[in-house]
Amino acid sequence: MATLLIRNARLLATMDEQRREIADGGVFVRDHVIEAVGPSTELPACADVIIDARDQVVFPGLVNTHHHMFQTLTRVVRPAQNCELFDWLRTLYPIWARLTPEMVRVSTQTAMAELLLSGCTTSSDHLYLFPNGVRLDHSIEAAQQVGMRFHAARGSMSVGESAGGLPPDSVVESEATILRDSQRLIERWHDASRFAMQRIVIAPCSPFSVSRELMRDAAALAREHRVHLHTHLAENDFDIAYTREKFGCTPAEYAEQLGWVGPDVWHAHCVKLDAAGIALFARTGTGVAHCPGSNMRLASGIAPIRAMRDAGVPVSIAVDGSASNDSGHMLAEVRLALLLQRVAHGPVKGPSAMTAREALEIATLGGARILGRDDIGALAPGMAADIVSVRLDEIGMAGAADDPLAALLFCHVPRATNVVVNGKLLLREGQLTTLELPRLMALHNRLAAQLLA
């Protein structure tokens with residue numbers, strides 16, 4: 001079995017049960033599993049691959065719990081730059097209706113390259129449009145070529161404009177088709193085993209694009225097959241108003257009525273989740289994917305993450321789609337989460353503060369919990385070998401020796417130096433090993449221009 005040794009790290013942040021931080025630390029990996037973590041002098045001296053992490057911080061791979069990777073093709077589209085959520089969607093739906101299988105494959109790999117370069121090793125992706133022969137399989141096959149750990153969410157929209165929904169009729173599907181394809185994907189791709197590289201998630205898009213019946217039937221299907229559920233919820237004021245007008249309740253009440261609460265469910269955004277909703281999510285173990293960059297970009301507001309955390313709601317961090325963020329840099333998103341809570345809640349000292357370490361915990365262990373995994377999110381024996389290192393010898397880190405771990409979020413946003421996923425080096429000394437980045441970007445840009453033409 002292949003072995004990997006990372007050693008001599010300036011600081012190794014384990015995120016283990018004791019939250020150990022080890023100076024001159026290292027990790028020894030056998031095949032795809034961590035075998036030992038500790039001071040470099042206490043680890044084996046030899047391995048098939050050795051990474052010298054001198055002047056680097058080493059930490060668990062970040063976990064991104066909400067993305068729309070196809071949206072890398074429509075970043076900063078001019079008519080959508082200054083829109084709130086509903087107008088933004090109405091502007092982009094007709095463009096996305098021209099997506100092709102090649103566009104989905106290439107945009108998936110582009111988004112994953114950006115995530116890897118920012119220290120992310122596991123990502124969910126929510127694909128909810130399937131025009132022109134597009135299938136979720138195209139994303140999954142692209143992810144396999146990259147080597148990233150992947151939770152592929154089979155999104156769906158079934159209520160078009162003619163039925164009172166937001167999306168145009170041209171991009172919705174019949175509910176029978178959605179459920180049939182969801183079951184096919186589970187049977188074809190879902191891997192429930194520990195260290196799984198791909199899992200399937202059932203993910204009707206939102207209250208304003210699917211029916212009550214589809215939400216209820218999707219939850220039943222997911223629980224029959226023991227897969228997770230995901231959707232958008234309580235994203236902005238218009239979202240709240242739509243749910244109240246159409247269903248006569250709050251988004252949280254709507255979710256509870258349809259069985260969309262529990263530890264196998266997580267909702268994206270929840271910017272406008274009220275106190276009763278927070279209490280419900282805490283009581284049921286329902287998760288939240290916090291998307292600070294997108295929430296700011298679309299002027300949706302600041303999600304009450306401090307209140308959620310204090311109540312016991314499982315919270316993770318996510319980049320969201322690259323046409324609403326318009327970035328897919330996971331470390332940058334963690335930085336935004338940290339700073340935005342300070343803007344929202346006042347003094348940085350005391351119980352209202354969010355610290356750098358809490359933000360990193362949310363982005364690692366928090367994401368693992370949301371996705372229902374006990375094998376990622378920490379560096380400890382028996383855990384998956386998903387490991388990131390970041391160099392400290394850059395100008396933006398100069399003078400940050402007092403706390404190199406906090407420097408990752410308080411100083412300039414760095415790129416990752418080395419990234420290991422499932423024991424394999426996907427980024428080595430800043431270079432991707434499974435993708436030809438210049439070629440990929442050229443193809444991606446050509447397809448983006450074609451989509452907009």
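Since the structure is predicted, the reported quantities are computational estimates derived from the model, not experimental observations.
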So does [X] have more than 12 non-hydrogen atoms from other groups sitting under 6.0 Å from [atom1]?
{"X": "Gln257", "atom1": "CD", "value": "yes"}
{"X": "Arg226", "atom1": "CZ", "value": "no"}
{"X": "Arg244", "atom1": "CZ", "value": "no"}
{"X": "Glu187", "atom1": "CD", "value": "yes"}
{"X": "Phe238", "atom1": "CZ", "value": "no"}
{"X": "Arg75", "atom1": "CZ", "value": "yes"}

- Give a yes or no answer on whether the side chain of Arg105 reaches the backbone of Ala143 with a donor-acceptor pair at less than 3.5 Å. no

Return the minimal non-hydrogen interatomic distance between [X] and [Y], and the atom names on each side.
{"X": "Pro204", "Y": "Ser156", "result": "CA-OG, 3.3 Å"}
{"X": "Arg428", "Y": "Asn418", "result": "CA-OD1, 3.5 Å"}
{"X": "Ala453", "Y": "Arg98", "result": "O-NH2, 4.2 Å"}
{"X": "Thr364", "Y": "Pro60", "result": "CG2-O, 3.8 Å"}

Ion pair check, [X] and [Y], cut-off under 4.0 Å:
{"X": "Arg149", "Y": "Asp375", "answer": "no"}
{"X": "Asp191", "Y": "Arg199", "answer": "no"}
{"X": "Lys272", "Y": "Asp239", "answer": "no"}
{"X": "Glu361", "Y": "Arg369", "answer": "no"}

Looking only at the side chains, is there a donor atom on one of [X] and [Y] sitting less than 3.5 Å from an acceptor on the other?
{"X": "Glu429", "Y": "Thr417", "value": "no"}
{"X": "Ser316", "Y": "Trp266", "value": "no"}
{"X": "Ser322", "Y": "Asp326", "value": "no"}

Problem - Worked check of side-chain contact (heavy atoms from CB on, under 4.5 Å) between Gln56 and Leu392 - result: CA-CA 5 Å; Gln56 297 176 41; Leu392 295 168; 5.8 Å; no

message: Using the rule given for side chain to side chain donor-acceptor pair (under 3.5 Å), can you reason through Ser162 versus Asp169, listing the C-alpha separation, both sets of side-chain angles and the distance that settles it, and then say yes or no?
response: CA-CA 7 Å; Ser162 64; Asp169 291 351; 2.8 Å; yes

Practice problem: State, with a plain yes or no, whether a side-chain heavy atom of His151 is found less than 4.5 Å away from one of Arg373. | Solution: yes

Which of His66, His269, His267 passes ring-ring contact (aromatic ring centres under 6.0 Å, His included) with His230? Answer is His66

Rounded to the nearest 0.5 angstrom, the CD-CE distance for Glu114 and Met69 is 10.0 Å

In this structure, CD1 of Ile240 is separated from CD of Glu235 (nearest 0.5 Å) by 10.5 Å

- Item | CA sep, side-chain torsions, deciding dist, call: Tyr128, His68, ring-ring contact (aromatic ring centres under 6.0 Å, His included) | CA-CA 9 Å; Tyr128 53 83; His68 306 293; 5.2 Å; yes

Hey, mind stepping through Glu358 and Arg306 against salt bridge (Lys or Arg N to Asp or Glu O under 4.0 Å) and telling me if it holds?
-> CA-CA 11 Å; Glu358 183 180 10; Arg306 181 74 275 155; 2.9 Å; yes

Report task. Taking the six-membered ring of Phe130 (Phe, Tyr or Trp), confirm whether the NZ or CZ of Arg154 is under 6.0 Å from its centre and within 45° of its axis. Result -> yes

